Structures are given as structure tokens and as C-alpha cells.
S.K.: 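Below you'll find the structure I mean.
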Amino acid sequence: MTKTDDHFFNKVYDVARMVPYGRVTTYGAIAKFIGSPQAARMVGWAMNKSFSQKEFVPAHRVVNRNGMLTGKHHFGTSDAMEQLLKNEGIIVIDDAIINFKKHFWDPANLID
DNA sequence: TAGCTGACGCCCT
DNA sequence: CAGGGCGCCAGCT
């Protein structure tokens, strides 16, 4: 546990990487899990910066509380995020995840 | 150096 | 039912 591991962003990346394949979580869930429930918007900002991270961060598995791909515009192409999710078996229609509740994975609920 | 802004979410009119 | 404001923390101009 180095000093950098205490950084907010680093915690966000850590949690994001915990999201299992084929599952998704929300900005708010991550924020809450790392102890800053009201910093959900920072989680989004962290995801943005995650592209420049050395280790891979599955940013496409993080959506807003409604299961909508609000951050898709930050991926290379407009449908990159959607394709990544579909590739994991998640149906996405009109920027919204179908059966979001079913695919949702709460970091606080490690027991699935 | 100080201030603005952002992939959100919740509460209050 | 809908719209607006605030908090949160760090990077960028």
C-alpha cells in the first residue's frame, strides 16, 4: 500500500478492475464503496483518465445509475463502449443496458 | 496561482 | 412530474 494507492483515482481504478466479465456497475456504487458517496462525478472523471493508465481498466463496465452509457462519447468511436458490452453478452439498445438490474454488480456485494 | 469543469447522484422547489 | 442546485476531488487552462 503505497501513498499513491490512497489517491481517489487509484481506488476507483481498483474497484473498476474488480467488476467481473459480463457484469456492470455504476459510478455511484464505486464512489460509495470507496467512501465518497457524493463523489460519483469524480469516478467518471477518473474513468476518463483511466485510458492513460498503464494497467487496463474496464471503463465500459461502468455506467450511470440508470444503466445508460453516458460516457460512450469518450471512447474512440461512438459505439465502441456499446460493442464492448455486447461482446460480453450485455444487450444495449439506445445507449441503455437491457436488464440492467440483472447485470448490475455492486462492489459492496462481493457475494453474488 | 486560482478558478473552472467534469463519464454523477440526491435533495429541494 | 420536471427542473435546478449542491457536494465531491483532481486535472487542466
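On a predicted model such as this, the values are computed, not experimentally measured, just so you know. Below, chains carry the letters A, B, ... as their sequence lines are ordered, and counting in each starts from 1.
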S.K.: Does anything in residues 86-95 of chain A form a salt bridge (charged side-chain N to carboxylate O under 4.0 Å, His left out)? List the pairs, not counting sequence neighbours.
M.R.: A/R61-A/E88, A/K72-A/D95, A/E82-A/K86

S.K.: Which class fits the ring pair A/F100 and A/F104: parallel under 30°, tilted 30 to 60°, perpendicular over 60°?
M.R.: tilted

S.K.: Side-chain heavy atoms nearer than 4.5 Å, only ILVMFWY residues, links allowed to pass through others: does that put A/V24 and A/Y27 together?
M.R.: no

S.K.: Give the minimum heavy-atom separation between A/P20 and A/W105, together with the two atoms involved.
M.R.: CD-CD2, 3.5 Å

S.K.: Tell me, which pairs form a salt bridge (charged side-chain N to carboxylate O under 4.0 Å, His left out) where one or both residues lie in residues 44-57 of chain A, sequence neighbours left out?
M.R.: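 Sorted pair list comes back empty.
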
S.K.: Starting from C1' on C/dG7, measure out to CZ on A/F8 and report it in whole angstrom.
M.R.: 12 Å

S.K.: Counting only non-hydrogen atoms, which of residues 82-104 of chain A are less than 4.0 Å from DNA chain B?
M.R.: none

S.K.: Please list all pairs passing the salt bridge (charged side-chain N to carboxylate O under 4.0 Å, His left out) test where one or both residues lie in residues 21-39 of chain A, with sequence neighbours left out.
M.R.: A/R23-A/D112

S.K.: Taking atom P in both B/dA7 and C/dT13, compute the distance separating them and give it to the nearest angstrom.
M.R.: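 Result for the P pair: 14 Å, nearest Å.
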
S.K.: Work out how far the P atom of C/dC9 is from that of B/dT1, and round it to whole angstrom.
M.R.: 22 Å

S.K.: What nitrogen or oxygen pairs link the protein and nucleotides 7-11 of chain B at under 3.5 Å?
M.R.:
residue, atom, partner, partner atom, Å
B/dA7, OP1, A/H74, NE2, 2.8
B/dA7, N7, A/G44, O, 2.8
B/dA7, N7, A/N48, N, 2.8
B/dA7, N6, A/M47, O, 3.1
B/dA7, N3, A/Y27, OH, 2.9
B/dC8, O4', A/R41, N, 3.4
B/dG9, OP1, A/G28, N, 3.4
B/dG9, OP1, A/R65, N, 3.0
B/dG9, OP2, A/R65, N, 2.9

S.K.: Identify, with sequence neighbours excluded, every residue that meets side chain to side chain contact (heavy atoms under 4.5 Å, CB included) alongside A/L84.
M.R.: A/H60, A/F75

S.K.: Hey, which of A/T25, A/V12, A/T26, A/L69 is the one that makes side chain to side chain contact (heavy atoms under 4.5 Å, CB included) with A/V62?
M.R.: A/T25

